[in-house]
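A short write-up of the structure that comes next.
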Amino acid sequence: MLSSKTLLSRAMKRKKSKKITDRKIRSKAVSRDRNSVSKKSHIRECKEDDGEFGFGLKSSATSSNHGVQPLGNLYLASGTINTRNTGLGNMQTLTDELVLDVLGFLDATHLGVLASVSKSFYVFANHEPLWRNLVLDDIKGGFLYNRTWKSTYLAAFYPSFDDSVIGISGLRVRDFYSDYLFQSWLCANLEMKPEWLERDNIVRRKGISVEEFVMNFEEPNKPVLLEGCLDNWVARKKWNRDYLIQWCGDVRFSVGPADMKLEEFFLYSDQAREERPLYLFDPKFADKVPRLGSEYDVPAYFREDLFGVLGQERPDHRWIIIGPSGSGSSFHIDPNSTSAWNAVIKGSKKWVLFPPDVVPPGVHPSPDGAEVACPVSIIEWFMNFYAATRTWEKKPIECICKAGEVIFVPNGWWHLVINLEESIAITQNYVSRRNLLNVLDFLKRPNASMLVSGTKDRVNLYDKFKNAIDVSFPGTIDQLAWEAKKKAAEQKKLSFWDSVADSNAGAFKFSF
């Protein structure tokens with residue numbers, strides 16, 4: 001049998017260009033809050049005592065964590081050693097994240113061999129995200145998900161192998177303690193806590209005019225939830241699994257790094273219990289299946305879309321979104337400084353939004369905005385950071401957007417979205433006159449080629465867009481710039497009483 005040292009040596013000699021999606025994401029992620037896991041150290045067998053601390057496990061929670069316990073349990077188990085360390089040998093000095101990073105260089109055969117070296121390596125080598133990466137990297141043309149990512153890989157490449165002999169849960173290892181691995185399992189199986197869902201402070205409107213929307217929400221750049229906008233959509237009445245599968249047939253849609261037929265994706269979403277479920281997010285759906293593009297209408301509030309002057313060269317702007325419960329998007333700002341709307345056709349979504357001047361807790365954008373470091377999963381953010389927002393002066397805007405409702409996401413706002421159940425939605429990004437100058441400023445930044453997305457020509461997008469606007473709407477940019485300058489001057493100019501009174505304290509102040 002090969003030693004673990006030999007296996008790891010061979011792994012490190014593999015091409016470093018190999019795509020390791022999970023490793024890249026985790027290397028940018030904020031370190032897990034170990035204290036939050038250790039506080040739950042009373043959980044010795046992961047499914048016990050679901051609700052004492054307000055945490056509840058899904059009824060479909062899997063037990064395939066191989067007996068991993070939170071590190072806090074080790075301190076309560078007198079005389080116990082952590083088999084995590086004894087089984088790793090000299091590698092025990094590495095953090096769990098680094099161990100998994102190293103194992104991410106291994107192929108399936110070497111992972112399988114390494115799993116037989118020790119109980120500790122068995123646990124690490126069977127970590128589901130490692131096998132997820134192998135499936136997404138090595139299986140071309142779609143896959144049929146089969147209970148776990150490892151089983152999916154084996155079914156695709158070794159169909160004669162029967163992995164049911166060890167069961168879906170695999171072997172259970174005693175006295176293995178790891179906050180990182182335990183929290184990964186916990187985030188995959190945790191129900192959303194009621195207090196994460198109860199805050200609903202967004203403004204809701206129904207039947208307002210376009211002028212009122214512009215004046216009260218788009219112009220001041222404020223979110224709003226709009227009701228009744230989808231009442232006439234064919235999609236609202238017809239779109240469900242059977243209908244979409246029928247009309248989409250063998251068409252493949254973008255699901256993360258994979259392309260899958262809807263039938264394959266629904267097979268996956270019915271079984272998936274993981275920290276970051278795959279999310280169907282396809283910008284070309286209307287080109288692939290024109291019928292889908294004809295079965296919804298852009299609400300009247302969002303019909304002015306100046307990126308339309310670019311025709312076929314415009315950046316990606318509309319997506320069909322389908323995802324299981326727990327899937328979604330971690331904190332981000334929409335691309336190219338655009339505004340957006342998101343319409344839920346089936347299901348429901350929890351939204352958390354922060355204004356442009358407030359960076360969400362646990363989120364760390366780079367100075368140039370090119371990268372954003374944040375927790376590995378959405379549930380992890382709720383576990384470790386959501387409570388902090390309750391004491392903030394500028395609290396986030398939150399809501400649950402249900403089927404038939406549309407949310408307006410202003411440009412520059414941070415937002416997180418998680419599906420509370422299987423959901424189908426349409427979203428579009430757009431440029432109106434209210435945010436045209438913001439978009440142009442964004443596109444001409446010195447590092448625009450790194451920031452611009454949704455187009456192959458990132459370098460010349462500013463020139464193409466500005467020139468097209470000048471041709472289609474002569475004088476518009478100059479007029480908007482003059483109005484913006486005038487408005488800024490008016491806001492800066494103080495009245496006599498503003499100059500001598502402190503409006504916050506309600507008392508006079510003296511300036512000499």
Is any side-chain N of the basic residue among Arg204 and Glu227 closer than 4.0 Å to the acidic one's carboxylate O?
-> yes
Should the pair Arg132-Glu128 be classified as a salt bridge under the 4.0 Å nitrogen-to-oxygen rule?
-> no
For [X] and [Y], indicate whether the former's side chain and the latter's backbone hold a donor-acceptor pair under 3.5 Å.
X: Tyr268; Y: Leu278; answer: yes
X: Ser472; Y: Ala468; answer: yes
X: Gln271; Y: Tyr145; answer: yes
X: Thr455; Y: Arg458; answer: no
X: Ser269; Y: Phe266; answer: yes
X: Asp107; Y: Thr109; answer: yes
X: Ser339; Y: Tyr430; answer: no
X: Asn435; Y: Asn411; answer: no
X: Ser184; Y: Phe182; answer: no
X: His332; Y: Ser330; answer: yes

Any non-hydrogen side-chain atom of [X] less than 4.5 Å from a side-chain atom of [Y]?
X: Val255; Y: Tyr279; result: no
X: Phe143; Y: Trp149; result: yes
X: Pro223; Y: Phe217; result: no
X: Leu226; Y: Ile407; result: no
X: Ile397; Y: Trp351; result: no
X: Ile400; Y: Glu198; result: no
X: Leu267; Y: Leu144; result: yes

How many angstroms lie between atom [atom1] of [X] and atom [atom2] of [Y], to the nearest 0.5 angstrom?
X: Asn65; Y: Asn126; atom1: CG; atom2: CG; result: 12.0 Å
X: Leu461; Y: Leu443; atom1: CG; atom2: CG; result: 5.0 Å
X: Glu275; Y: Cys187; atom1: CD; atom2: SG; result: 4.5 Å
X: Leu106; Y: Asn133; atom1: CG; atom2: CG; result: 12.0 Å
X: Ile202; Y: Cys401; atom1: CD1; atom2: SG; result: 8.0 Å

Under the salt bridge (Lys or Arg N to Asp or Glu O under 4.0 Å) rule, collect the residues that match up with [X], sequence neighbours excluded.
X: Asp297; value: none
X: Arg236; value: none
X: Glu263; value: none
X: Glu304; value: Arg433, Arg434

Partner residues of [X] under the side chain to side chain donor-acceptor pair (under 3.5 Å) criterion, sequence neighbours left out:
X: Trp381; answer: none
X: Lys284; answer: Asp316
X: Lys288; answer: Asp282
X: Arg318; answer: Tyr296

Taking atom types as modelled, is there a side-chain donor on [X] or [Y] under 3.5 Å from an acceptor on the other?
X: Glu295; Y: Tyr243; result: yes
X: Asn146; Y: Thr152; result: no
X: Glu422; Y: Ser325; result: no

Heavy-atom nearest pair, Tyr122 first then Leu171, reads OH-N, 2.9 Å
Aromatic contact, [X] with [Y] (centres under 6.0 Å):
X: Trp319; Y: Phe253; value: no
X: Phe331; Y: Trp414; value: no
X: Phe408; Y: Trp413; value: no

Summary of salt bridge (Lys or Arg N to Asp or Glu O under 4.0 Å) pairs that have at least one residue in residues 330-340, sequence neighbours excluded | none
Tell me the salt bridge (Lys or Arg N to Asp or Glu O under 4.0 Å) pairs involving residues 337-350, sequence neighbours left out?
-> Lys350-Glu398
Atom [atom1] of [X] with >12 non-hydrogen neighbours under 6.0 angstrom:
X: Asn232; atom1: CG; answer: no
X: Asn201; atom1: CG; answer: yes
X: Trp233; atom1: CH2; answer: yes

Name the atoms and distances for all side-chain donor-acceptor pairs under 3.5 Å in residues 305-313, with sequence neighbours left out.
from: Asp305; atom 1: OD1; to: Phe307; atom 2: N; distance (Å): 3.4
from: Asp305; atom 1: OD1; to: Arg314; atom 2: NH2; distance (Å): 3.4
from: Asp305; atom 1: OD1; to: Val431; atom 2: N; distance (Å): 3.1
from: Asp305; atom 1: OD2; to: Arg314; atom 2: NH1; distance (Å): 3.1
from: Asp305; atom 1: OD2; to: Arg314; atom 2: NH2; distance (Å): 2.9
from: Glu313; atom 1: OE2; to: Lys464; atom 2: NZ; distance (Å): 2.8

List for me each residue that meets side chain to side chain contact (heavy atoms under 4.5 Å, CB included) alongside Gln246, sequence neighbours excluded, and say none if there are none.
-> none
Show the numbers, then the answer: is there a side chain to side chain donor-acceptor pair (under 3.5 Å) between Ser348 and Glu421?
-> CA-CA 6 Å; Ser348 58; Glu421 56 191 306; 2.7 Å; yes
Do Asn460 and Asp457 pass the side chain to side chain donor-acceptor pair (under 3.5 Å) test, and can you show the C-alpha distance, the side-chain angles, and the key distance before you say yes or no?
-> CA-CA 6 Å; Asn460 300 308; Asp457 190 357; 3.2 Å; yes
Should the ring pair Tyr158 and Tyr153 be called parallel, tilted or perpendicular, given that the plane angle runs from 0 to 90° and is split at 30 and 60?
-> tilted
Between Ser329 and Leu416, is a side chain to side chain contact (heavy atoms under 4.5 Å, CB included) present by the stated rule, with each step listed?
-> CA-CA 6 Å; Ser329 301; Leu416 167 153; over 6 Å; no
Mind running side chain to side chain donor-acceptor pair (under 3.5 Å) on Asp96 and Ser178 for me, showing each step along the way?
-> CA-CA 8 Å; Asp96 293 344; Ser178 165; 2.4 Å; yes
Stepwise, does the side chain to side chain contact (heavy atoms under 4.5 Å, CB included) test hold for Leu100 with Leu130?
-> CA-CA 8 Å; Leu100 292 171; Leu130 293 174; 4.0 Å; yes
